[in-house]
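One structure is given below, encoded as structure tokens.
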Amino acid sequence: MADDKALTRREDDFSAWYNEVVQRAELADHSPVRGSMVIRPWGYGIWERMQRALDDMFKATGHENAYFPLLIPMSFIEREKEHVKGFKPELAVVTHAGGKELEEPLVIRPTSETIIYSMYAKWIQSYRDLPLKLNQWANVMRWELRTRLFLRTSEFLWQEGHTAHATDQEAQEETREMLGVYRTFMEDWIAMPVVTGLKSESEKFAGAVRTYTCEAMMQDRRALQAGTTHHLGQNFSRQFDLTFQSEEGVEEYAWNTSWGVSTRLVGGMVMTHGDDTGIIVPPRLAPTQVVIVPIYRKDSERTGVVEKAAQMRDRLAAEGVRVRVDDRDHLNPGAKFWEWERKGVPFRIEIGPRDLAKEQVVVVGRVTAEGADRKAFLPEAQAVVEMPQRLEEFQLQLLETARARREAHSHRGVQSIDELKEVLEGPGGFVYTGWSGDPEVEDRVKAETGATLRCIPDPDFQSTEVPDRCVGGGEARMEAMWAKAY
RNA sequence: CGGGGCGUGGCUCAGUCCGGUAGAGCGCUGCGUUCGGGUCGCAGAGGUCCCCGGUUCGAAUCCGGGCGCCCCGACCA
């Protein structure tokens, strides 16, 4: 994409801003096949950082990685009634291979429950084989009608955890534990605060007993479902004969869970932190946290400055900072500043002849507003030792800003659908109301306001005043959080 | 699946109404110059005008058919 045109501002057209910013930051590009994307190095680097952090957290909670195949027999998908109903419309199916029509069509996995639990059935005989807690990093395919880079593409990358347990309670605990892992990851790494809670029957995963979710608020105040965990009960184990002999010698069906987050998180990061200059990458996710731009006129200056830049790079790297020198000679410093700001690198260090003389450097943070004071002139040694702390502060600042924005646009104690509609048509955001639990109310809210029930919030997010009236009339049995969603 | 838009150098697009040598800006290459917020100059490379068919002496342009992509809504991580 050419950069000579000004970036659309968020307030003018958030959707256009997103599309432009993703491409200009070189996160991803459209592939020739409709609805699928190429993830470019900068975007993939961010995803790799996410993967590494999540993977460590999965390992720390007793999971191992494995890999299951891309192709799944159609009959497997069809085995679980609700599951097939949910996924059939968006399946991509292989009907021919090796120049011949296949006897049974093969589905390109939209998710792997069926193939995984069919294998678990082979491996699990006794309660001693439980729990079995595996995760896989994979691509999946869901033939979406309308796609957007990262947020919804036909093929996307994700992780899917799949576990089998001896008891309902243990599976329930796993489901909750992984929801907590997701929440921690999203807050601590993406600096993206989330509301966790239970999905309603109509919003839950196809084939699950219950689904929990992490809902994040984007800058346009719409909700992004950022991750889900599912208690699958015995729905899949019954269909795939996943049984085990209990301690008491009784043959029982295992209890399963599954949970996943995807490259959608990259989109969430963009829409949580980006500004009208470009994206902003939280330091913990940034493949490059600090970029050093050498500034010089003559060749004589160049030598010294570039040497100092390399020296600073090594000293920062020794402090554990991911740093690189932008020594491209055909771009002037201003062009480099623009590029790295567009890509959201947290800090830039400028080193020129004047700094060399004073043994100082110029440190500029990505989020500081326009103006002279955004540049900090620091002694070299100080810039080096303080950088890890600056990065940590930057990370926290992003989370606080995002959290403050979410709180400013959370509306509690809303009593009626009319009032709900008013809020959504006005300021927008997350709206908390009482709910009877009746799906008919969800339908009415959807029809009248365009909002959906994002979740029944966990205690951490419930209103201090428990609502007693359902938003659709009558008595409330619980609190619900509503929003327009991606 | 409905509605809208668009297919012309790498990118953004003009040219299409009214047929007549295929253009601009940016990017790219070379040389020089510059470099503390998108340097400047000179020279240069680069095109089956989405595809197929038709009309015509002649089609990017007119006619018919097809394909693709993007955006907006209904369904979805």
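These values consider heavy atoms only, across backbone and side chains, with no hydrogens, waters or symmetry-generated copies. Chain identifiers are assigned alphabetically (A, B, ...) following the order of the sequence lines, protein sequences preceding nucleic acid strands; residue numbering begins at 1 within each chain.
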Pairing residues for A/Arg176 by the side chain to side chain contact (heavy atoms under 4.5 Å, CB included) criterion, not counting sequence neighbours: A/Gln172, A/Leu179, A/Tyr212, A/Asp458

B/C1 to B/G15 separation - C1' atoms, rounded to the nearest Å: 35 Å

Sugar-phosphate, base or nothing in reach of A/Val362, heavy atoms under 4.0 Å: base

Nearest-nucleotide comparison on RNA chain B, the residue closer to the 5′ end among A/Arg142 and A/Gly450: A/Gly450

A/Arg366 side chain to A/Thr277 side chain, donor-acceptor N/O pair below 3.5 angstrom: no

A/Lys446 side-chain N/O to B/C75 phosphate OP1/OP2 under 4.0 Å: yes

P spacing across the pair B/G23 / B/G9, given as an integer number of angstrom: 14 Å

Sugar-phosphate, base or nothing in reach of A/Phe156, heavy atoms under 4.0 Å: base

5'-most by nearest nucleotide on RNA chain B - A/Ala335 or A/Thr153: A/Ala335

Results of side chain to side chain contact (heavy atoms under 4.5 Å, CB included) for A/Pro110 - residues two or more places apart only: A/Ile77, A/Phe87, A/Leu91, A/Val107, A/Arg142

Side-chain N or O of A/Asn19 closer than 4.0 Å to phosphate OP1/OP2 of B/C70: no

Selection: residues 256-264 of chain A, any non-hydrogen atom under 4.0 Å of RNA chain B: A/Ser262, A/Arg264

Any donor-acceptor N/O pair under 3.5 Å between B/G37 base and A/Glu341 side chain: yes

Listed partners of A/Ser118 passing side chain to side chain contact (heavy atoms under 4.5 Å, CB included), at least two apart: A/Phe76, A/Ile115, A/Phe240

Phosphate OP1/OP2 of B/C70: any A/His30 side-chain N/O under 4.0 Å: yes

Touch class at under 4.0 angstrom, heavy-atom based, for A/Glu350 against every strand present: base

C1' atoms of B/C13 and B/G27, separation to the nearest Å: 14 Å

Within 45° cone of A/Phe337 ring axis and under 6.0 Å: A/Arg348 NZ or CZ: yes

B/G36 base / A/Arg297 side chain donor-acceptor hit below 3.5 Å: no

With A/Glu64 via salt bridge (charged side-chain N to carboxylate O under 4.0 Å, His left out) - residues at least two apart: none

Touch class at under 4.0 angstrom, heavy-atom based, for A/Ser15 against every strand present: sugar-phosphate

B/G37 pyrimidine/purine six-ring stacking with A/Phe337, under 5.5 Å and 30°: no

Set of side-chain hydrogen bond (donor to acceptor under 3.5 Å, both in side chains) partners for A/Trp17, sequence neighbours left out: none

For nucleotides 1-4 of chain B, list the nitrogen or oxygen atoms of the protein found under 3.5 Å from its nitrogen or oxygen atoms, one pair per line.
none

Show me, pair by pair, the donor-acceptor contacts under 3.5 angstrom made by side chains of residues 437-445 of chain A, not counting sequence neighbours?
unit_1   : atom_1 : unit_2   : atom_2 : d
A/Asp438 : OD1    : A/Glu440 : N      : 2.8
A/Glu442 : OE1    : A/Ser202 : OG     : 3.3
A/Glu442 : OE2    : A/Ser200 : OG     : 2.7
A/Glu442 : OE2    : A/Ser202 : OG     : 3.0

B/C75 pairs with, by Watson-Crick or G-U criteria that keep both distances under 3.5 Å: none

A/Phe185 and A/Trp189 aromatic ring geometry - parallel, tilted or perpendicular at 30°/60° bounds: parallel

Sugar-phosphate, base or nothing in reach of A/Gln225, heavy atoms under 4.0 Å: sugar-phosphate

Pairs involving residues 290-300 of chain A, ordered by first then second residue, that meet salt bridge (Lys or Arg N to Asp or Glu O under 4.0 Å) (sequence neighbours left out): A/Lys298-A/Glu301

